[in-house]
Amino acid sequence: MIKAILIFNNHGKPRLIRFYQYFAEDMQQQIIRETFHLVSKRDDNVCNFLEGGSLIGGSDYKLIYRHYATLYFVFCVDSSESELGILDLIQVFVETLDKCFENVCELDLIFHMDKVHYILQEVVMGGMVLETNMNEIVAQVELQNRMEKSEGGLSGAPARAVSAVKNMNLPEMPRNINIGDINIKVPSLSPF
Amino acid sequence: MALKIVKGSIDRMFDKNLQDLVRGIRNHKEDEAKYISTCIDEIKQELKQDNIAVKANAVCKLTYLQMLGYDVSWAAFNIVEVMSSSKFTYKRIGYLAASQCFHESTDVIMLTTNQIRKDLSSPNQYDTGVALTGLSCFVTPDLARDLANDIMTLMSHTKPYIRKKAVLIMYKVFLKYPESLRPAFPRLKEKLEDPDPGVQSAAVNVICELARRNPKNYLSLAPLFFKLMTSSTNNWVLIKIIKLFGALTPLEPRLGKKLIEPLTNLIHSTSAMSLLYECVNTVIAVLISLSSGMPNHSASIQLCVQKLRILIEDSDQNLKYLGLLAMSKILKTHPKSVQSHKDLILQCLDDKDESIRLRALDLLYGMVSKKNLMEIVKKLMLHVDKAEGTTYRDELLTKIIDICSQSNYQYITNFEWYISILVELTRLEGTRHGHLIASQMLDVAIRVKAIRIFAVAQMATLLDNAHLLTGNMQRNGICEVLYAAAWICGEFSEHLENPMQTLEAMLRPKVATLPGHIQAVYVQNAAKLFATVLKSQEGNTEGTPAQETSQLMVERLPLFVQSANLEVQERASCILQLVKYIQKLQQKDVEVAEEVSALFAGELNPVAPKAQKKVPVPEGLDLDAWINEPPSESESEDEQPKAIFTREEPKHSRPRHTEVDEKELAKRREVRKQEQANNPFYIKASPSSQKVYQETHGVEHIPVVQIDLSVPLKVPGLPMSDQYVKLEEERRQKDRADKKKKKKEKRKDKRTGRGKRHDSGPESEEDITPAHMVDIVTEEMPENALPSDDDDKDPNDPHKALDIDLDKPLADSEKLPVRSHRAAEALKSPGEDGDAVSAATLEPRKKRSKEKREEKKKDKDGDRKKSKEEKKKKKHKHEEKEENLLSGQADEPVVQSEESSQVAAPPTSTSAEVSDLDFWLSNAPVPSNTQEAATVAAAAEAASVPEAVSGTAPDSEPEEPKDAEMEETKSSKHKKKKQKKEKEEKEKKKKKKHHHHHRHSDAGGEESVQNGTVEEEEPLPSMSNYCLLAENSYIKMMTEDADQVYDIQGNLQDGSQVVVSVIFENKCDSFLKSMEFNVLDSLNSKLQRPEGSGPHDGLTVPFQLPPGVSNEARFVFTMQSIVMPQKLKGTLTFIVKNDDSSTHEKLDFKLHFTCTSYLISTPCYSDAFAKLLESGDLKSSSIKLEAVLMPFHHLLARICFHHHFSVVERIDSCASMYSRTIQGHHVCLLVKTADQTVSIDAKCDEPTLLGNVLDEIKQTFSQC
């Protein structure tokens, strides 16, 4: 079972959190902080498994993570999951994001947290791995997006126009946010 | 209304959407909290509006804020509103928000039940999908109960997308509502063979998760998983299954044996590291379960260790980590094989990666020996000094202690060294493990008597330097060692060199800053020390110091009397009064030392932690029985128990001191002295303690200046463990030298032979003798303690509720609650009952077959160890018992009334497979393992039906089945007698070697059971598909072509196979051997022959038949078309061997394949059945049967049994039945009965086939 999936950036800012077991909000934040603390001090060339998260899980649980450019993808799993399998799952998930967002970068995750959630929902459900075939995941996500589009979407065109107008009235709004190298480079790993 | 909508959408235009919110937060980095609070206010406004789009947008933003740590539970109701929107876009947002912030105590969840149910049954698969995903995150016990049935229906949804989600979510449902597990399990099991790989994978996932927690309930699935393992190519599924097998093998070593080969093959063949790793892991588990001593498995161990070494040496840190992890599992059972890689593991201790170092540490545990313990610990101590992070350092600390204390300090040769290591460890800053060190100190000091003198000296130094440990109160935890130090110094004070100094150290004002429980120990042990000091001082001629000591106590103790800690205060005031009284006596020049030390006389022995639990309850003592009359009902209930408990506890612990007059006291003193004199443990004043006093006397008065340093110094009094390493080395060398000398001397006597073989070589383990004769006192256990090991299970484990026997038949009370307005009619489907009950009745038979096999094996390899056999036999007995229990249960009429067949799926082959497990496991591995397993399962299933009927009583005729049973018993007895008369000798042999395919339920328990040879024309209960194939004076062949297997891949075109089971019975007195079975193939049907043999070659029957014995062989046929019945001619050739001669004989036969034999009984749910009928692709046909006298359920049972149908639904005298051919044709029947006339309407997509099947049915009934 997967107990939690956390995505945060190099500064520990959460980009997506998904707990499959209930924790109160403040506890969730503590867990994120602790996990960030544990993960961030590790070099890039050490192993991707980590024990010793005291807040989440216990001796049976492991943190399995991958670090892509500015983002950490952390899965907290118990011993029923294969470690290498989960590593591969993270890769599948990130590659899926890359496909769905076309060259995914941190900004995509920042502004489209909901969409990332919808993608994740096609990969993991209730803490169990639902699908590992990327094409299948992408197909399902796209079908659902198409359906949303046919319903007019959440923010219809007029709202977007208004928001654009609103943005023009905000002089302090920076035109383009330059965060440097935030493109997640998806390394092509050997297939699992 | 319209206006409102327009207004809403205009409002909507000015709302922020999620992106605006994010942007806003990013632009307000300085006052983020303030900005967000205004946003939340806006959101609250938006939520008040009627427009669902606005609400959805607001909820979407809330989801984002939730991620940032804001509690959004106040909007739970609005989330529910958004969830119930009819638009997918909004619904999705609602469910997402709900899955992020709903939990079991969210009260609005109960409002969602109907909405979720609606979404689950939505025609749009994505509505259903979204609801399932959401539900998986916030399912509560109530939701699980209410929706279990709906979800179960979804498990057979047409879309694989929904199916896989429904399957996965069932796990959550089981967790929350364990009652659903049994009714849902059959369908879940079916999904293991779903055509869609995703669904299959999901089912594997769920069952693995279930089985991990309660593996024993899933053992019966092993054959199925085995089949999946050998057929699946999906690594995810494989990994899960292999992991599952790892959990199952400890329960069933035979399974392990079966697994080794395919796993080893996988290890050699796979390129996926993850799969390789899991295989190695499971092989390790198998090897552990097989327990060592099997020489032929050393190859497997070597293979594992080798592969792991490759992993550890890999540059990929992940593989290194996993390699070490798996290595530690081997370590437990095969330490030798790991020890050879010590170099590698020690190398990993220096790795820069903490995770890897931790894993290497785990392994060290098994690396130590008497020889290298000191060396390894020294290395670890270096690491302790270097380690920065406290977690790693604490881990090191616990590991050092673990390593040293393992198996009762087995590897410690020098306890002085160990004590000094412990003392060194106390200098760690900020460790959490003070108590661990303390308990080690206590343990060693108590249990190793020889070390006490040394330990006491060390502890005294520790106490003296307590300020170093407590100088900084932040360094909590470590002060726990003072607890141990104080206690050791007090308890073994007779060994103290300078008790006065220690006493003073314990009464320093600084002690008051220690935690309460430590202070309490200080006070108590100060009293003990006081007694010792008194004793030594009184023996001395000068009287003053004794009084001075009392004075010191009187001065210092008030500090503790003021303590806020109750324990400290109580002890201190008690002791203070005592000392004051002693002081009084001292002033009168009374010798008190003797009496004071008597307070603390007696020796403490270590007691095993479980000792209390293991005291057996004496015979005749019933702990649950009332001591007094139970209180009458009328009494208020909450008073009574209180009284019971308060009476006991406090009084025992503190006997009240009554005032005693002087005389009485004197008397008691006399008695006590007498007692002390007789008590060997009582420590009498010894001359040595006087000496100690004399030496210390002068020093005592020199004022000691204490330097309070916050930086720990190397205290000169504290020994360094390193010096012991050196000392130990020297000692060993000396020992060796001594031994050498001795040896040489001996040799001289004998004549110098082959020279110095041993001398230069490394010292072996036995050469090392402990430094001092160490007497490790073992922990005490009560007399006749009960050996038990079931005391370490967590009672709070949620998975405990799921420890449910899945093989037991479903009872009528077990079904999922269905939302239904009308009470569905109770109906019974014989097929289901049959399967259910047969699980039990089948069992004994299977067992016998196993016995037989075992016997055979015995014959083959007689050199097997006896003990092993005995073990197996024991196991057998155990199994037998269980089986008897089961069958006893099954004999009771179990009536299963079902509200709808949709609720509880017919458990088809579940039961059959249970009984098959033994068979499957005992089976010698054959190339076509998987196929066979499936065949057997099917065979058993088919066989089970008749017995089931006999054991099942329909509610309407409760009398009948009993009669039937009795009759059956009678008849079998009767027959037995007959046979006995006829061929007694044969019978004896038969008893030993029963065939596993005989058909009779073993009603008489011990009664012997007939072989399958008896022709069955018994009253209905026993039906058989075996019919006589051919017979001559030598041999009789019975056949049953009931079992079909189709290709595992589901490839129906070329995989249509029929398995024919043939029983061969030797009827003559000669030995039959070299049997060859041959069939003339037709264009349509072919006998499957092993590769390389010609189309006309016969198949060798894989056994020989001694006189009177029968056995069964199976032959696989491939069919092209199955719409017509087939006949095949064949011959059996064999050699009849007598004592003096042997002759060739042959027997011709005709194999008849009916259309029925292509049918597979397949369960079908009424909804699917209805759809099938509606689809209109089916051609219909019908027949009428006249003058059928049997009851309707018997009729159904016959159709089910002989023609492989299963009942879909039965209402009164009407039933729908379903079956499928091996090529996937559907056959549906509607059976109606009225006045001895039965009409059968049938539908099938293949009219020819249908006609033939109906003809066959007709024939079946015309025969009876």
Side-chain angles (χ1 to χ4, degrees), chain A residues 1 14 16-18 20 22 24-26 28-29 42-43 45-52 80 82-85 87-88 110-114 117-118 121 125-133 136 140 143-144 147-148 151-156 158-159 161-163 166 172-174 177 191-192, chain B residues 12-15 17-20 22-23 26-27 53 56-57 60 63-64 66-71 87-89 92-93 96 103-104 126 133 136-137 161 164-165 168-169 171-172 198 202 205-206 208-209 212 235-236 239 243 272-274 277-278 317-318 320-322 352-353 355-356 358 391:
Chain A
M1 285 277 280
L16 176 127
I17 55 173
R18 172 76 272 188
Y20 294 103
Y22 174 69
E25 273 78 11
D26 47 347
Q28 294 185 353
Q29 296 300 311
R42 292 173 65 85
D43 288 340
N45 53 358
V46 298
C47 76
N48 300 32
F49 315 119
L50 189 62
E51 290 145 87
S80 72
S82 149
E83 289 87 349
L84 294 174
L87 269 185
D88 203 65
I110 294 171
F111 286 105
H112 303 285
M113 183 203 71
D114 48 345
H117 264 296
Y118 299 143
Q121 280 176 357
M125 181 175 134
M128 283 181 287
V129 179
L130 180 69
E131 184 60 70
T132 50
N133 180 347
E136 171 74 13
Q140 295 297 350
L143 276 171
Q144 291 181 57
M147 210 161 99
E148 187 174 308
E151 283 178 354
L154 174 60
S155 40
V162 170
S163 126
K166 274 194 287 189
E172 71 276 10
M173 170 95 188
I177 306 159
F192 141 82
Chain B
R12 166 89 193 74
M13 296 204 298
F14 295 98
D15 296 333
N17 63 14
L18 176 62
Q19 280 74 37
D20 300 326
V22 176
R23 212 165 282 136
R26 290 170 70 84
N27 289 336
N57 183 45
C60 186
T63 314
Y64 183 81
Q66 196 271 344
M67 179 179 78
L68 298 183
Y70 290 85
D71 177 22
K87 274 196 174 181
F88 173 73
T89 314
R92 182 151 83 151
I93 290 167
L96 175 62
H103 51 94
E104 260 182 40
Y126 291 110
T133 308
S136 72
C137 293
Y161 177 74
K164 74 182 173 192
K165 286 197 168 192
L168 269 194
I169 202 179
Y171 177 65
K172 296 275 171 163
N205 214 334
V206 170
C208 288
E209 204 62 50
R212 200 165 70 94
N235 277 353
W236 274 96
I239 286 174
K243 264 182 173 280
M273 273 302 181
S274 48
Y277 171 69
E278 296 304 340
Q317 296 279 330
N318 291 334
K320 186 175 278 197
Y321 172 90
L322 293 176
K352 60 184 183 305
D353 190 344
S355 299
I356 285 174
L358 283 173
T391 30

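Here is the naming used below: chain letters follow the sequence lines, and residue numbers restart at 1 for every chain.
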What class does the angle between the rings of A:Phe49 and B:Tyr321 fall in, given that below 30° is parallel, 30 to 60° is tilted and above 60° is perpendicular? tilted

Engaged part of B:Leu358 at the chain A interface, taking heavy atoms whose separation is under 4.5 Å: neither

Side chain, backbone, both or neither: which part of A:Gln144 has an atom under 4.5 Å from a heavy atom of chain B? both

Let me confirm one number: the OG1-CG distance from B:Thr63 to A:Asp114, rounded to the nearest 0.5 Å. 8.0 Å

I need the A:Met147 CE to B:Phe88 CZ distance, nearest 0.5 Å. 4.5 Å

When rounded to the nearest 0.5 Å, the distance separating NZ of B:Lys164 from CE of A:Met128 is 13.5 Å

Between B:Asp353 and A:Arg42, does any NZ, NE, NH1 or NH2 come within less than 4.0 Å of an OD or OE carboxylate oxygen? yes

May I ask you to name which of A:Pro14, A:Gly126, A:Cys47, A:Ala24 has the most heavy-atom pairs under 4.5 Å with chain B? A:Cys47

When you compare the side chains of A:Glu148 and B:Thr89, does any donor N or O come within less than 3.5 Å of an acceptor on the partner? no

Taking B:Glu209, B:Glu278, B:Lys320, B:Lys352 one by one, which has the highest count of heavy-atom pairs under 4.5 Å against chain A? B:Glu209

Closest non-hydrogen atoms of A:Arg18 and B:Cys137, given as atom of the first, atom of the second and distance, are NH2-SG, 3.6 Å

If one checks every heavy atom of A:Gln140 against chain B at 4.5 Å, the contacting part turns out to be both

How long is the span from the OH atom in A:Tyr118 to the CZ atom in B:Arg92, to the nearest 0.5 Å? 5.0 Å

Is chain B contacted by the side chain of A:Asn45, its backbone, both, or neither, given a heavy-atom distance below 4.5 Å? both

Select, from B:Asn318, B:Val206, B:Ile356, B:Val22, the one with the greatest count of heavy-atom pairs under 4.5 Å involving chain A. B:Asn318

Of the non-hydrogen atoms in A:Val129 and B:Leu168, which two are nearest, and what is the gap between them? O-CD1, 3.7 Å

About how many Å separate OG1 of A:Thr132 and CG of B:Asn235, when rounded to the nearest 0.5 Å? 9.5 Å

